[in-house]
Structure formats: structure tokens, C-alpha cells
Protein chains: 2
Amino acid sequence: MDIAVTTELAIFSVQDGALRVLLETGATDGLPKAPFPGDADLDRFAAALLSRLTGFDGVYIEQLYSFGRRSQNTAMTGVTVAYFALIPPAVSSTVRSGLYWQPLNENWHLPNEQREVLELATQRLRDKLGYSSIALPLMPEEFTLGHLQEVYEIIGGEALDKRNFRKRILSLAYVEETGRQRRNGSHRPAMLYRARNPGRVEILR
Amino acid sequence: MDIAVTTELAIFSVQDGALRVLLETGATDGLPKAPFPGDADLDRFAAALLSRLTGFDGVYIEQLYSFGRRSQNTAMTGVTVAYFALIPPAVSSTVRSGLYWQPLNENWHLPNEQREVLELATQRLRDKLGYSSIALPLMPEEFTLGHLQEVYEIIGGEALDKRNFRKRILSLAYVEETGRQRRNGSHRPAMLYRARNPGRVEILR
DNA sequence: CATGATGGTGTTCCTTTGACACTATGTCAA
DNA sequence: TTGACATAGTGTCAAAGGAACACCATCATG
């Protein structure tokens, strides 16, 4: 009656203007996963796997869903526990070799069960954008409000009004000024902000 | 590397003015559960277990969370997949013997891990009350708005304004009039309503 | 027919949300 | 030096949504 349990991760990051998911190269490319040994805590195991894959520690990870009897095609049966994680724009060196960042707005092949996980994860991300500070784990330590708005727009898939966006974000007090500025190109420099509670995603309302 | 997988159910119902959870009598009373055989779909298996326990078929059930390495005390290790389900006020005969309805507002003993599941489930129920039609699976086929409000108040734990409640519910159009009335005691009879989409919990906004 | 018990109904105010356009400050090139 | 360009930053108004609030209606019963 014992069963193979697999942990599967949908790891997101926003890079070069696109929401991307981390894929593992292999026989068929797919979401990174590992067999769960059973002698550890599931959530801790997933977090450790995330850290091993990306080099990031203590970043956002959340359990998504558990599936029984995945992949009806293959003979393999078992239980898959899917997680979804968010990491800041990665310096390329931090990600382990054999992994790459796949933009979500392109079309590419992914096994059906993994596509289901991925869609569930992106849906969750989009939903939480509206009632939590879920975007912050995707940001670098310091960022401008313009950059934050860009991330919201990339995930949400629609343009936002700048004034309303800033009003809302500042009233929610997710973020605070660092006092420093970023001078970027040939234009007015922008104030830099940071998360008020780094590593903590807060729910609103 | 294979692991025992257990399915655990937190089944709620509102009866006699209290939110109650279905417990199984045993060495220590607790949430009903069953080993997952691995040759079935997890969600289907949980639904079948629910049906076997309560006699209700096709009622509301939702996956809650999966835990690894439960019960650090006992030697037993494994994965537990917890579900939460809602059933209408049960005619007592439908529930299998060895089971009983425990009111949540009393204090009683429950193993720690199961208490965690139960608190997660009640929290989810309370949250969803605000943005979905989650209360309907708890109602009988026909019900009055007063009865529906009572269920909201029992779950939410606070009194609601009658006029605002009715305005909101009717504008959301979860429910529709049956045209029939219930004459109950020595007072004005109440209109009966039914779910517009029985068996379907809708998310709002 | 008076009492008691629950059913049913609208308005007002306040807060929140969404639409909308112009000035500020820096770099760069002519 | 100054004009062009690019992004940063700022306030108002109207509409919608949510919360507070009190009275009449209808039935059974004694």
C-alpha cells in the first residue's frame, strides 16, 4: 500500500520583461522535481529542493495541490505534491546548470500534468496579486515604484493607471522609501523602495 | 522510497444551531481517514470515502493541504492529504455508525495534527463565506433567507444586519425563489429559496 | 381580537474605486 | 545653452459599494 511521492516545483521569476518558469532539461524538459524520502517534512523538503536548485534561501514557497495517479499514459502511478515559488530576478550564476528560464508567454511543449500544475500556479499568482503582497518576492531588494508596476502589469496582463497604482501601493504600506534614488537614463531619477517586511507575504482586507 | 499515504477528511455540517465536524470513534476519536491505495485518483478517492461515510453523493469537497511526517510522537511516518467537505443537515440515519457530529464551539480532545487540519478547514470556510457561495452546500434543498442568515452567523461568529444580508444575497443571485412558502409557527410564513446552481460553489468579484 | 413571534422592506451616509492630464527632473545632442 | 526626450511624480471628481438604521406585515394562539 506504499506509494511513490514526488515533489514538483513551479518556480517563477520576472526577467527581461517576462514572467518565466524554471525548467529542467532532460528526456523531456519539465518542472524540476524530486522523490520525497518520507523522513522529512514535506514543506521543508520542497524548500530545501528550491534552495538547491536556485541558490536562494528563505524565498517564497507555497504548497499548491496534490495529485494522485498522474500520467495515465505511463505505467507510473503515485502521488505528486506540487509547490509554487517566487524568486527575485536571478543573477544568472545562481541557477544550477541543466536549468533554464522559460518565458510563459511563448508556446512550448510540456507534459499535460505539468501544464495543469503550471496553470494552477499562474492562476494563483494572478489572483493573489489582487489581495496580497505576493509581488514583492519577485522584486530585488531595492526597486522603484515604476518597476513594481511593471511587474504587476506583466503578471496581470493589463496596463495599470500610474496614479491609482501608486496611491494603492503606498496606502497599503507594503513598502517604504529607502531614501536613496536610482538615476537610470536621461530622465528624472526615481525614489527607491524596499519591502517593509521582507520575506513575508501579507493578505489584505 | 515508497510511503504510506493517508486521506483525511474534515466534514462539516450545521445542525441544531452549531457548526459540527464528523468524528470517528476509535482508540482516540478523530477525523475519519483511510489509506490511499495508489490505484485511484486522489480527489475521487476522497469523494468516494466521503460518500461511504455520510451517504451523500456529489456534495462539496475540496482539497485542503498535504502534510509530510505527521505525528512526530508515534513512529509512523508518511504523507497525509487533508480534505474538507460540507454536507446539508443530515437526516441522522444517513451517517454510518461509529461516527458522530461534534460541535466546534465545545472543547474536546483531538490529536495535534488533526487540530491543525481542523483549524485550517474552519479558517478556509470562514474566509470563503465572504467571497463565494460556500454556504449553500450546507443548506437543505429548500430554505428560507432567515435560515441562510443563521448559517452565515453561526460560521462567521457574528450577528448580521437582516436588510443588508438579504440585499447582498439577492443581488448576488446565488439563490432563487421556489414560489413556495414555509409556515412554521405562529407568525408570518417565509418564502422558500433554493440554490440557483446546486452543487456548484461560485467565486465572486 | 390582543399578543407574541418571525418575515419583509428603503434611505442615507461614508468609504472605496476608477477615470483622467499635467508638471518635474534628469541626460544628451545640436 | 538650450531644446528634445524620457521617465518620475502628483490631485480631483464621479460612481459604486458597504454599513448603519426602524418600522409594518402576517400568521397562530389564547
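Quick note on labels: first sequence line is chain A, next is B, and so on, each numbered from 1. The structure presented is a predicted model; accordingly, all values stated were derived computationally and were not measured.
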Quiz item: Distance-only, no hydrogens or angles: does the A/T178 side chain make a donor-acceptor pair with backbone N or O of A/L192 under 3.5 Å?
Solution: yes
Quiz item: Judged by atom type as modelled, is there a donor-acceptor pair below 3.5 Å linking the side chain of A/S51 to the main-chain atoms of A/A47?
Solution: no
Quiz item: Should the pair A/R194-A/E141 be classified as a salt bridge under the 4.0 Å nitrogen-to-oxygen rule?
Solution: no
Quiz item: Do the charged groups of B/E62 and B/R124 touch, with an N to O distance under 4.0 Å?
Solution: yes
Separation of [N] [atom2] from [X] [atom1] (nearest whole Å):
| X | N | atom1 | atom2 | value |
| --- | --- | --- | --- | --- |
| A/R166 | C/dA24 | CZ | C1' | 12 Å |
| A/D161 | C/dC20 | CG | C1' | 7 Å |
| A/L204 | C/dT16 | CG | P | 13 Å |
| B/N164 | C/dC13 | CG | P | 16 Å |
| B/Q181 | C/dG7 | CD | C1' | 10 Å |
| A/L172 | C/dT15 | CG | P | 17 Å |
| B/L170 | C/dG10 | CG | P | 12 Å |

Self-check item: A/D127 and A/Q123: side chain donor to acceptor below 3.5 Å
Solution: yes
Quiz item: Cut-off 3.5 Å, side chains only: do A/N197 and A/Y174 have a donor facing an acceptor?
Solution: no
Exercise. Would you kindly check whether a donor in the side chain of B/K167 faces an acceptor in the base of C/dT11, or vice versa, at under 3.5 angstrom?
Key: yes
Exercise. Starting at CD of B/Q63, measure out to CZ of B/F84 and round the result to the nearest 0.5 Å.
Key: 12.5 Å
Practice problem: Give a yes/no verdict on a cation-pi contact between A/R115 and A/W108, requiring under 6.0 Å between NZ or CZ and the six-membered ring centre and an angle within 45° of the axis. | Solution: yes
Self-check item: Close residues, residues 182-193 of chain B, relative to DNA chain D [heavy-atom separation under 4.0 Å]
Solution: B/G185, B/S186, B/H187, B/R188, B/P189
Practice problem: Heavy atoms of chain A, cut-off under 4.0 Å: which first and last nucleotide of DNA chain D, 5' to 3', fall inside that, if you could look? | Solution: D/dC5 to D/dT12
Exercise. Return the 5'-most residue of the pair A/R168, B/K162 with respect to DNA chain C, ranking by each residue's nearest nucleotide.
Key: B/K162
Exercise. Let me know which of A/L49, A/L23, A/L53, A/L31 forms a side chain to side chain contact (heavy atoms under 4.5 Å, CB included) with A/I11.
Key: A/L53
